[in-house]
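Everything on this sheet refers to the single structure shown next.
Each residue takes its place number in the sequence, starting with 1.
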Amino acid sequence: MNRNILIFGSGGFVGSYLAEEFTSHGYRVYGTDIVEPKSSRQFFHDYTSLDMLSFDGVLRLMERSAPDYVVNLAAVSSVGDSWRIPQKTIEVNINGTLNILEAVRKSGIKARILLIGSSEEYAPSAYPISESYPVNASNPYGISKVAQENFAGIYRSSFGMDIISTRTFNHTGIGQPEKFVIPSFVRQAVEIERSGGNGKIYVGNLSAKRDFGDVRDMVSAYRMILESNTSERVFNVGRGICYSLEEILKYIASLVHGKVEVIVSPEKFRPVENPVIWCDNSRLRSATGWSPKYDVFDAIRGMFGSMASGRQGNS
Ligand code: GDD
């Protein structure tokens with residue numbers, strides 16, 4: 001019998017890949033978002049446009065879709081945006097999650113819930129971080145995700161709900177909005193290549209080191225966590241290899257025939273950020289058997305090719 005999954009935030013970058021992942025594994029995918037889906041509707045059994053801040057709407061959808069699994073991807077998901085709109089970040093990321101938890105509780109549905117959190121929840125570390133490393137977020141987005149995880153804890157202990165939280169590290173792929181670093185660099189590189197000459201790439205903090213995965217590996221990890229019989233409640237989801245943005249930029253610039261001049265823009269810097277965020281994914285590997293199939297350079301080549309051919313309309 002087909003199982004049902006309800007995905008909040010399924011109109012966005014990761015949501016599109018997640019819908020495809022579950023549809024191709026035989027699930028009936030119910031999607032919802034405030035926007036229309038980025039990917040084709042063929043990956044959805046049902047798609048509802050909905051503001052997750054409307055509790056009545058969330059409750060009705062929960063009852064109608066009767067999900068076995070619920071995933072929350074809906075969020076203000078950019079750290080940079082969260083500095084510009086901290087109130088909205090807290091409102092969407094915390095009240096939206098609470099609406100999902102309350103709708104599951106009030107409807108009495110026995111769904112397993114996966115809440116997508118972030119490596120931005122962690123305190124600084126120069127080394128790979130495991131789930132036991134201290135949490136101490138340093139930006140509004142990270143704080144909202146720590147709060148989401150804390151709410152998961154009290155809904156588990158108070159109401160016996162089956163909730164798993166991820167701390168997901170950076171990831172990229174075709175379709176990621178250009179406000180994020182890799183599609184921003186790739187778009188600028190593609191424009192230089194198209195011009196047939198030399199050009200400039202505008203960048204922020206190139207000394208930051210991040211652990212970039214491919215979105216296709218991230219969504220398979222989410223499926224494997226949901227399908228596992230794990231008793232763990234928190235999972236790091238990340239590739240396990242860390243590069244500086246300078247190394248990433250060097251690779252992207254090497255795809256261009258002309259000469260690339262790098263311009264550092266102060267407005268692209270954040271007020272504060274962790275110098276290194278690097279994933280220890282041992283728990284995920286041993287609990288689910290997951291292992292990544294791609295690396296960040298595969299993703300970059302795919303994005304470059306897609307943007308160069310005009311196939312992809314990144315927002
Ligand atoms: N956006 C951007 N633009 N970032 C730049 C640039 C630039 O021109 N130059 C350097 N960076 C650096 C940022 O300072 C940061 O250290 C890193 O690139 C990643 O930035 P983003 O791609 O904007 O991602 P984010 O910081 O919003 O976080 C992403 O990863 C988290 C996991 O760690 C998001 O996907 C979050 O949702 C996710 O939880």
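- Checked by atom type and distance alone, the side chain of Asp68 pairs as donor or acceptor with a backbone atom of Asn4 at under 3.5 Å.
- The CG atom of Asn150 sits 11.5 Å away from atom CD1 of Ile143, with the distance rounded to the nearest 0.5 Å.
- Asp295 places a side-chain N or O within donor-acceptor distance of the main-chain N or O of Asp298, the cut-off being under 3.5 Å.
- Counting heavy atoms from C-beta outward, Thr166 and Leu114 have side chains that approach closer than 4.5 Å.
- Tyr30 pairs in a side chain to side chain contact (heavy atoms under 4.5 Å, CB included) with only one of the listed residues (Val70, Ile7, Leu6), which is Leu6.
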Report task. Given side-chain contact (heavy atoms from CB on, under 4.5 Å), test Phe43 with Val29 step by step and report yes or no. Result -> CA-CA 7 Å; Phe43 299 121; Val29 176; over 6 Å; no

Query raised in the report: Are Tyr141 and Val76 close enough, and set up right, to give a side-chain contact (heavy atoms from CB on, under 4.5 Å), and what steps lead you there?
Result: CA-CA 7 Å; Tyr141 169 77; Val76 172; 5.7 Å; no

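- Gly80 and Arg270 get closest at one heavy-atom pair: N-NH2, 3.6 Å.
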Query raised in the report: Given Gln87 and Glu91, is the side-chain contact (heavy atoms from CB on, under 4.5 Å) satisfied, shown in steps?
Result: CA-CA 6 Å; Gln87 304 95 325; Glu91 185 187 12; over 6 Å; no

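- Using a distance-only test at 3.5 Å, with no hydrogens or angles considered, a donor-acceptor pair links the side chain of Gln188 to the main chain of Ser184.
- Annotation: side chain of Lys145 is not in contact with side chain of Ser77 (no heavy-atom distance under 4.5 Å).
- Here Ser130 contributes atom OG and Tyr122 contributes atom OH; the two are 6.5 Å apart, rounded to the nearest 0.5 Å.
- The main-chain N or O of Ser82 is never found under 3.5 Å from a side-chain atom of Asn139 such that the two would form a donor-acceptor pair.
- A salt bridge does not link Lys293 to Asp217: none of the charged side-chain nitrogens sits closer than 4.0 Å to a carboxylate oxygen.
- A side-chain donor-acceptor contact under 3.5 Å links Glu273 and Asn205.
- Not a single donor-acceptor pair under 3.5 Å links the side chain of Ser306 to the backbone N or O of Gly302.
- In this structure the side chain of Ile34 never reaches within 4.5 angstrom of the side chain of Leu50, judged on heavy atoms.
- Inter-residue side-chain proximity for Arg105 and Ser158 is flagged as unmet; no heavy-atom pair is nearer than 4.5 Å.
- The residues Asp46 and Arg28 are annotated as not salt-bridged, no charged nitrogen and carboxylate oxygen being separated by less than 4.0 angstrom.
- Placement of Phe13 and Val186 within a single hydrophobic cluster is found when ILVMFWY residues are connected by side-chain heavy-atom separations under 4.5 Å, directly or transitively.
- Look at Glu178 and Arg187 and you find a salt bridge, because one of the NZ, NE, NH1 or NH2 atoms lies within 4.0 Å of a carboxylate O, short of that distance.
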Query raised in the report: salt bridge (charged side-chain N to carboxylate O under 4.0 Å, His left out) between Glu227 and Arg223: does it pass, once the steps are laid out?
Result: CA-CA 6 Å; Glu227 290 175 341; Arg223 180 181 54 76; 2.9 Å; yes

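- Hydrophobic clustering (side-chain heavy atoms under 4.5 Å, transitive across Ile, Leu, Val, Met, Phe, Trp, Tyr) groups Ile241 together with Val215.
- When Ile116, Leu73, Val58, Thr97 are each tested for a side chain to side chain contact (heavy atoms under 4.5 Å, CB included) with Phe8, only one passes: Val58.
- Applying the salt bridge (Lys or Arg N to Asp or Glu O under 4.0 Å) test to every pair with at least one member in residues 245-258, sequence neighbours left out, gives no pairs at all.
- One finds the CD1 atom of Ile113 at 10.0 Å from the CD1 atom of Ile164 (value rounded to the nearest 0.5 Å).
- Glu232 CD to Thr288 OG1: the interatomic distance, rounded to the nearest 0.5 Å, is 11.0 Å.
- Residue pairs meeting the ring-ring contact (aromatic ring centres under 6.0 Å, His included) criterion with at least one member in residues 218-265, sequence neighbours excluded, are Tyr243-Phe297, Tyr251-Phe297.
- With hydrogens and angles ignored, the 3.5 Å screen pairs a side-chain donor or acceptor of Asp211 with a backbone N or O of Cys279.
- Formation of a donor-acceptor pair under 3.5 Å by the Asn99 side chain with backbone atoms of Met52 is found in this model.
- Contact check on Arg60 versus Glu63 returns no salt bridge, with no Lys/Arg side-chain nitrogen under 4.0 Å from an Asp/Glu carboxylate oxygen.
- A salt bridge links Lys179 with Asp81: at least one charged nitrogen is closer than 4.0 Å to a carboxylate oxygen.
- Residues Leu226 and Phe22 form a side-chain contact, since some pair of their non-hydrogen atoms from C-beta on lies under 4.5 Å apart.
- Gln148 and Asn93 form no side-chain donor-acceptor contact under 3.5 Å, judged by distance and modelled atom types alone.
- Annotation: side chain of Val181 is not in contact with side chain of Leu249 (no heavy-atom distance under 4.5 Å).
- Between the CG atom of Asn170 and the CD1 atom of Ile182 there is a distance of 8.0 Å, given to the nearest 0.5 Å.
- Remark: the Arg3 side chain and the Tyr27 side chain contain an N/O donor-acceptor pair separated by less than 3.5 Å.
- Residues Thr172 and Met303 have side chains in contact (heavy-atom distance under 4.5 Å, counting atoms from C-beta outward).
- The existence of a salt bridge linking Glu131 and Arg167 is excluded, since no basic side-chain nitrogen approaches an acidic carboxylate oxygen closer than 4.0 Å.
- Linking ILVMFWY residues whenever their side-chain heavy atoms come closer than 4.5 Å, directly or via other members, leaves Leu59 and Ile100 in distinct clusters.
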Requested in this report: Step by step, work out the side-chain hydrogen bond (donor to acceptor under 3.5 Å, both in side chains) result for Ser54 and Asp56.
Outcome: CA-CA 6 Å; Ser54 148; Asp56 289 346; 6.0 Å; no

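- Under a 3.5 Å cut-off, the side chain of Ser265 and the backbone N or O of Glu267 do not form any donor-acceptor pair.
- Put simply, Phe44 and Tyr69 are part of the same group of oily side chains (I, L, V, M, F, W, Y) that touch within less than 4.5 Å, one to the next.
- Few gaps surround OH on Tyr133; more than 12 heavy atoms of other groups in view lie less than 6.0 Å from it.
- A donor-acceptor pair is defined here as one N or O able to donate and one able to accept, closer than 3.5 Å; no such pair exists between the side chain of Asn198 and the backbone of Gly258.
- In this structure, Asn274 contributes its side chain and Ile277 its backbone to no donor-acceptor pair below 3.5 Å.
- In this model, a donor atom of one side chain and an acceptor atom of the other lie less than 3.5 Å apart for Thr48 and Arg64.
- The cationic atom of Arg216 (NZ for Lys, CZ for Arg) lies less than 6.0 Å from the six-membered ring centre of Tyr294 and within 45° of the ring axis.
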Requested in this report: Give the C-alpha distance, both sets of side-chain angles, the deciding distance and a yes or no for side-chain contact (heavy atoms from CB on, under 4.5 Å) between Thr168 and Ser118.
Outcome: CA-CA 4 Å; Thr168 302; Ser118 175; 5.9 Å; no

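- Side chain to side chain, Ser10 and Asp33 fail the donor-acceptor criterion of an N or O pair below 3.5 Å.
- Residues Lys268 and Gly204 share a closest heavy-atom pair of CB-CA, 3.6 Å.
- The closest side-chain heavy-atom distance from Val104 to Met161 is below 4.5 Å.
- Under the 4.5 Å side-chain heavy-atom criterion for Ile, Leu, Val, Met, Phe, Trp and Tyr, Trp278 and Leu245 are members of distinct hydrophobic clusters.
- Between Glu149 atom CD and Ser165 atom OG the span is 4.5 Å, to the nearest 0.5 Å.
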